[in-house]
Amino acid sequence: MGSFGVPREYDFFTGFELYRVFSPNEKSHLLNILRLVLPSITFVIILIAWLLEPVTLFGAIVQFEVLFFLNVLLLLVFEFTIYISRLYTRALSPAFVFASSFAVLILSGTLLLKLPNATVQGISVLDALFTATSAVSVTGLAVVDTGTYFTRMGHWIILGLIQLGGLGVLTLTTFFAYFFKGSSSFQEDLHIKDFLSSETLGGLLELSIKIVVFTLGIELAAACLVFFNLPEGFFETLDDRLFFSLFHAVSAFCNAGFSTLTNGLYEGPMRFSYNVHLAIAFLVVTGGIGFNIVFNIFVYARFKALSWYNRFVLRLPKYHKTVRLVTLNTKIVLYTTGALILAGTVLFLILEQKHTLAEHPSWWGKLVTSLFGSITPRTAGFNTVNMSELAVPTVIITILLMWIGASPGSTGGGIKTSTFALASLNIFTTASGKNRVELGSREVPQHSINRAFAIISLSLIVIGIGILLITTVEPGLDFMHIAFEVFSAYSTVGLSLGITTGLSDFSKFVLIFVMFVGRVGSLNLLIGMIRQTKSLPYRYPQESVLIN
C-alpha cells in the first residue's frame with residue numbers, strides 16, 4: 001500500500017512504476033503512461049534550461065509554464081479520480097456522493113477564482129463562491145461582469161468549471177478511470193447509473209466515454225461554426241475571436257449561459273448575428289435534450305440509413321424490424337421539447353412585436369430572435385434581447401419555460417421535460433377515469449408518476465422558500481423580478497431582469513443554495529439525506545382520503 005492507503009500502483013510515481021508500466025506483464029493505459037512520461041520530460045527540459053541559460057530555477061519553470069501546468073493538471077486529475085473511486089467503496093448513498101462531488105468542485109472553484117491572477121482587482125469570497133456555484137451548476141447568474149472583472153486566466157477557470165459541472169464529476173471520473181485502470185467497479189457503475197439516466201448497470205463505462213467524446217467533438221465543431229460567423233471587426237485580435245468561440249460553444253452546450261460580453265449576445269452587432277444565434281441555439285437544444293436521447297437518435301438514424309442502402313442500392317428485400325429502436329423516453333422528450341419550442345416561438349413572436357422585436361427590421365431576424373427566446377429559457381440563459389424590456393406576459397411564459405427546463409440525463413436543469421409530460425398525462429388520465437397512464441402501446445410505471453409529482457412538489461417548495469426569504473430582506477425590489485431570479489436560479493438558467501448585482505449578501509447566499517439544489521436535484525438531495533427503505537414486507541388496510 002502507498003501513502004494515504006492508496007494501492008502502490010496508484011501512488012505518485014516512483015522508480016519502480018516506470019518499469020511496471022512498460023512491463024509486458026502489466027496492462028498499460030495512455031494516461032497511466034503519460035503521468036510518468038510527462039513529468040520526466042518536463043523535469044529534463046526545465047533542468048536543461050536552468051543549467052544552460054542564465055536564469056534561476058523559478059525562471060526556468062516560468063519559461064515552460066505550459067508544460068508545468070499540464071503536468072500539475074494531470075496529477076490533479078489522477079489523484080481526484082482515485083479519491084472519488086475510493087468513495088465508491090464506502091457505504092455511502094450514490095445521491096450523497098453525487099451531491100458531494102458538486103460541493104467539492106464548487107469549493108475548489110471558489111479557491112481558484114480567489115487567485116490574484118484570476119481577477120483584475122480581486123474578488124470577495126462571497127462573489128467568488130457565487131460565481132463558482134453558478135458555473136458548476138451551469139446557471140449563468142453573475143454578481144460581477146464576467147467579461148471585464150476576470151482575466152483570461154479567470155475565464156479559463158470559469159470555462160473549466162462549466163465543463164466539469166455540465167458533464168458531471170462522476171462522468172469524468174468514470175471516463176478517466178478507464179485510462180487509469182482499464183475498467184470500472186460495480187460500485188462505480190451503481191453511483192453513476194442514476195446520473196446518466198441509465199436503466200441498466202451494463203455498459204456505463206462505455207457510455208461515459210461516448211458522452212465525453214461526443215461533448216468535446218460537438219463543442220469543437222460548433223466553436224468553428226461560431227468563429228466563421230462572427231461579425232467582422234468586432235474583436236481586436238485572433239486570440240480573442242478564438243477564445244470567444246470556444247467559451248460560448250462550451251457554455252451553450254452545457255446550458256450555462258455565461259458570456260464574456262457585458263450585455264451577453266445583445267452586445268452591439270452581436271444581436272443581429274443570426275447565424276451565431278442559430279449555432280448557439282442548436283448547441284443548447286443538443287446539450288439539453290439528454291445524452292441517452294441523442295445516442296438513441298443515432299441508433300435509429302443508422303438503422304434507417306442501412307435500411308435505405310440495402311433497399312435502394314443493394315436492391316435487397318425490404319426488412320421489417322421486430323425491435324423498437326426508439327424508446328418511450330425518447331418519444332416523450334422529443335415531442336415535449338418540440339411542442340415547447342414551437343409554442344414558445346409563436347408566443348414570443350406575437351407578444352414581442354412592439355417590444356424587443358421592434359429593432360429587428362426583417363422577418364427572418366424576428367423569427368430567429370423569437371426562436372432563440374423560446375430555447376434559451378430552457379436552462380441556457382443567453383439573451384439576444386434586452387430582458388428588462390420584455391412584456392409582462394412574455395416574462396410569465398419565460399418563467400414557465402425555465403421551470404420546465406431541459407431533459408433528464410442532460411447538462412440542463414429544471415424539473416425536466418419528461419416530468420412535465422408525465423404530470424400532464426396523469427391529469428388527462430385522472431380526468432378520463434383511467435387507473436394507469438398509457439402512451440402509445442406502453443404503460444408508464446407508477447413509480448415514475450410518483451417521482452414526477454415528488455420533483456414538482458419539492459421544486460415549488462424550494463422556489464417558494466427562496467422567494468419568501470429574498471422578499472423579506474429586499475422589500476424594495478419588485479416581486480416579479482425576485483420570482484424571476486429564483487426560478488432562474490433553481491432551473492439553472494441564468495436569465496435575469498437586472499437585479500442580481502444589487503442583491504444583499506443574504507440574498508446571494510439564498511441564490512447559491514437554490515442553484516446548488518437545482519443542479520443536484522431536490523429529490524436526489526433528499527434521497528441522500530434520508531435512509532432508504534429497501535422493501536416493506538407488509539401492507540396496511542387501505543382507506544380513502546378526500547382530495548377534492
Side-chain angles (χ1 to χ4, degrees), residues 140-142 145-148 225-226 229-235 244 248 251-252 255 257-285 337-404 477-485 487-488 491 493-502:
L141 287 176
D145 184 3
T146 307
T148 59
L225 192 61
V226 172
N229 285 280
L230 290 175
E232 292 294 335
F234 188 69
F235 297 96
F244 175 90
H248 285 74
S251 183
N255 281 218
F258 272 93
S259 177
T260 55
L261 301 177
T262 301
N263 297 314
L265 299 182
Y266 186 68
E267 185 84 18
M270 193 63 67
R271 74 185 71 168
F272 303 110
S273 301
Y274 303 124
N275 289 339
V276 175
H277 299 171
L278 290 175
I280 290 180
F282 170 76
L283 279 172
V284 170
V285 174
T337 300
L340 290 174
I341 293 176
L342 179 60
T345 302
V346 173
L347 290 173
F348 196 100
L349 190 62
I350 295 173
L351 297 173
E352 291 298 312
Q353 276 294 324
K354 297 181 180 180
H355 297 276
T356 57
L357 294 180
E359 63 179 337
H360 297 274
S362 65
W363 275 101
W364 173 247
K366 295 179 187 293
L367 180 61
V368 172
T369 304
S370 301
L371 176 65
F372 197 91
S374 173
I375 291 175
T376 191
R378 307 280 309 291
T379 82
F382 291 103
N383 65 297
T384 57
V385 297
N386 188 347
M387 297 298 297
S388 61
E389 295 181 359
L390 290 176
V392 175
T394 309
V395 172
I396 296 174
I397 293 172
T398 302
I399 290 176
L400 176 62
L401 292 175
M402 289 194 300
W403 181 61
I404 296 173
L477 293 179
D478 182 70
F479 176 80
M480 182 68 75
H481 287 64
I482 295 176
F484 191 95
E485 199 83 6
F487 269 95
S488 179
S491 301
V493 178
L495 290 175
S496 175
L497 297 180
I499 68 171
T500 313
T501 56

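Ile375 places none of its side-chain heavy atoms less than 4.5 Å from the side chain of Ile280. Taking 4.5 Å as the limit, some side-chain heavy atom of Ser259 sits within range of a side-chain heavy atom of His248. The shortest distance between side-chain heavy atoms of Phe348 and Thr356 falls below 4.5 Å. Side-chain contact check for Phe372 versus Val385: every heavy-atom pair is 4.5 Å or farther apart. Looking only at side-chain heavy atoms (C-beta outward), Ile482 and Glu485 stay at 4.5 Å or farther from each other. Between Met402 and Phe484, some side-chain heavy-atom pair lies under the 4.5 Å cut-off.
Screening Ile396, Ile397, Thr398, Val392 for a side-chain contact (heavy atoms from CB on, under 4.5 Å) involving Thr394 leaves a single residue, Thr398.
At most 12 non-hydrogen atoms from other residues, nucleotides or ligands lie less than 6.0 angstrom from CZ of Phe282.
Across all non-hydrogen atoms, the minimal contact from Leu495 to Phe382 is CD2-O, 3.5 Å.
Pairs passing the side chain to side chain donor-acceptor pair (under 3.5 Å) check and including a residue from residues 372-383, sequence neighbours excluded, read Asn255-Thr379.
No donor-acceptor pair closer than 3.5 Å links the side chain of Glu389 to the backbone N or O of His355. Without hydrogens or angle criteria, His277 side chain to Met270 main chain gives a donor-acceptor distance under 3.5 Å. The backbone N or O of Gly494 sits less than 3.5 Å from a side-chain atom of Ser488, completing a donor-acceptor pair.
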List the atom pairs, donor and acceptor, that lie under 3.5 Å between side-chain atoms in residues 361-368 and the rest of the protein, sequence neighbours left out.
from, atom 1, to, atom 2, distance (Å)
Ser362, OG, Gly365, N, 3.1
Lys366, NZ, Leu357, O, 2.8
Lys366, NZ, His360, O, 3.0

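We find the OG-CD distance between Ser370 and Gln353 to be 7.0 Å, quoted to the nearest 0.5 Å.
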